[in-house]
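This report refers to the structure that appears directly beneath it.
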Number of protein chains: 2
Amino acid sequence: MKKVTCDLASCLFCTSCPDAWRDILPAARTMRTFRKGEEIFAEGTPVSGAYFVFEGLVKIHMAWGAQKQLILNFAGKGEMIGFRGLAPDPVFPISATALDETVICFVERAFFQSMLEVNHRLTQRLLDLYARTLQESEKRMRTLALMDVRGRVSDMLLMLERKFGADSEGFICIIPSRQDLAAYAGTTYETVFRTLSEWEEEKILAFQGKRIAILDRTRLEDYTR
Amino acid sequence: MKKVTCDLASCLFCTSCPDAWRDILPAARTMRTFRKGEEIFAEGTPVSGAYFVFEGLVKIHMAWGAQKQLILNFAGKGEMIGFRGLAPDPVFPISATALDETVICFVERAFFQSMLEVNHRLTQRLLDLYARTLQESEKRMRTLALMDVRGRVSDMLLMLERKFGADSEGFICIIPSRQDLAAYAGTTYETVFRTLSEWEEEKILAFQGKRIAILDRTRLEDYTR
DNA sequence: CGTTTCTTTGAATACGGTCAACTCAGGTGG
DNA sequence: CCACCTGAGTTGACCGTATTCAAAGAAACG
């Protein structure tokens, strides 16, 4: 991992990140660019530290068996990943993979831990982050367990729009591959495809290449109820 | 809620609980007994504080629509519940319901928060608790999203045994109602029933009234792979 | 230009949810 | 004591949804 000094003044990430992260970012002297599809860290390996997405898009995922995987979340610019590994057991329960050309800031585990012991504001921040992530995780558990495919896909599209925003024409700014969409919704490639084209016919969605726009939010939300 | 002084010396809970909780328990002067089926707190209501299970069994659950519910977890003696409500948004994302005669210790939200600001050990503890809970939650997300019914039911039985233990004959110490088992495994009453009786025929499980013993752990674990 | 990878569609299949009925135990009231 | 009711446990049959398999078409890539 290439070492560079993270200059706070010109640090795009730092201007968009929560205040408390700034306390530790001067220590993030290691950063690296990951190519599309490259793995940032892998489930089952020892936790090296915390990672911040400086630029790009990352998927957080778990494997099951040889073929199946579930994407837990997508993380974009300004988000901290790898904090799940800060639990007592220092083994990553999840993997992170770059979906685009992605720049990652890295903070050593030991440094982060010692920082937590002296910087109370940081600890509080992390506590909030955990609490929020846990709430989202449990809400999603309900979605995956109880809703049918339409509900899950609908939920995913609304999440993507909420999280990454849409351009002036309503197209969601970031659309992962269909394969990844399926892995997020807990279904198969073909089923996602069928669901999306059905909604295109019903004028609920519009397409432009791979990009998706939500035309009728109300009918989409109906599937999640 | 009836006020009683929580005498630490005679507090069963305190002898079995993590050290750090002791710091706040002297403040838990309110405790109450809940009858079987009684709701401790409800999803969507303002967060009043943190709750500790002193004695009994509690389910943590979320509703979806009118009929469907998912049980996120079961909590027994010594466990803290309601900590999910300590997030920035002070509204419970989940409900808690007593499954047995249950005694609950209660700590005010404001007190708990101010305690977090001065007691670093407590904060660290809570951080660990969150990290662990999040890991479990995400593992369960994968289970619910990717495994078939057998995998989910199997996973549930193994969890119950791990969490609540088994008696000398191998019968799991706590078995919730079949209805609740179904709500935990994300399936229906009938399907849980069929799965369990199938496994009884195959000598993987044994029954004694409502109680269940795992006879062949290996074959059960095979369903989760 | 051939090869690979992704997209699109059709058809077969299986899993699991829904509905209905039947049993059985326990409680209630005549 | 019996008739009735209720609710949980048990089982069978049916059917819809979503997965799986297969194959053809389109696009990307060396």
Give the rounded distance in Å between these two atoms: [atom1] of [X] and [atom2] of [N].
X	N	atom1	atom2	result
A/Q179	C/dT5	CD	P	13 Å
A/E200	C/dT7	CD	P	14 Å
B/R150	C/dG17	CZ	P	12 Å
A/L181	C/dC6	CG	P	14 Å
B/E201	D/dT10	CD	C1'	13 Å
B/Q67	C/dT18	CD	C1'	13 Å
B/F193	C/dC22	CZ	P	17 Å
B/M147	D/dT19	CE	P	16 Å

For the side chain of [X], starting at C-beta, report the closest nucleotide among [options].
X	options	answer
B/V149	D/dC21, C/dG16, D/dT19	C/dG16
B/Y189	D/dT11, D/dA8, D/dA18	D/dA8
A/E190	D/dT20, C/dG16, C/dT7	D/dT20

### Query
In terms of ring plane angle, is the pair B/F74 and B/Y184 parallel, tilted or perpendicular, where the classes change at 30° and 60°?
parallel
Considering just the side-chain nitrogens and oxygens of [X], establish if one lies under 4.0 Å of OP1 or OP2 belonging to [N].
X	N	answer
B/T191	C/dG16	no
B/K210	D/dA8	no
B/T187	C/dG17	yes

### Task
Decide whether A/S154 and A/T224 meet the rule of one side-chain donor and one side-chain acceptor closer than 3.5 Å.
no
### Message
Over all strands shown, is A/R194 touching base, sugar-phosphate only, or nothing at heavy-atom distances under 4.0 angstrom?
### Response
base
### Query
So does B/D155 pair up with B/R140, basic N to acidic O under 4.0 Å?
no
#### Entry: Centroid-centroid distance, A/W199 to A/Y223, less than 6.0 Å
yes
### Task
Work out which heavy atom in B/R152 is nearest to a heavy atom in B/G186; give both atom names and the distance.
NH2-O, 3.1 Å
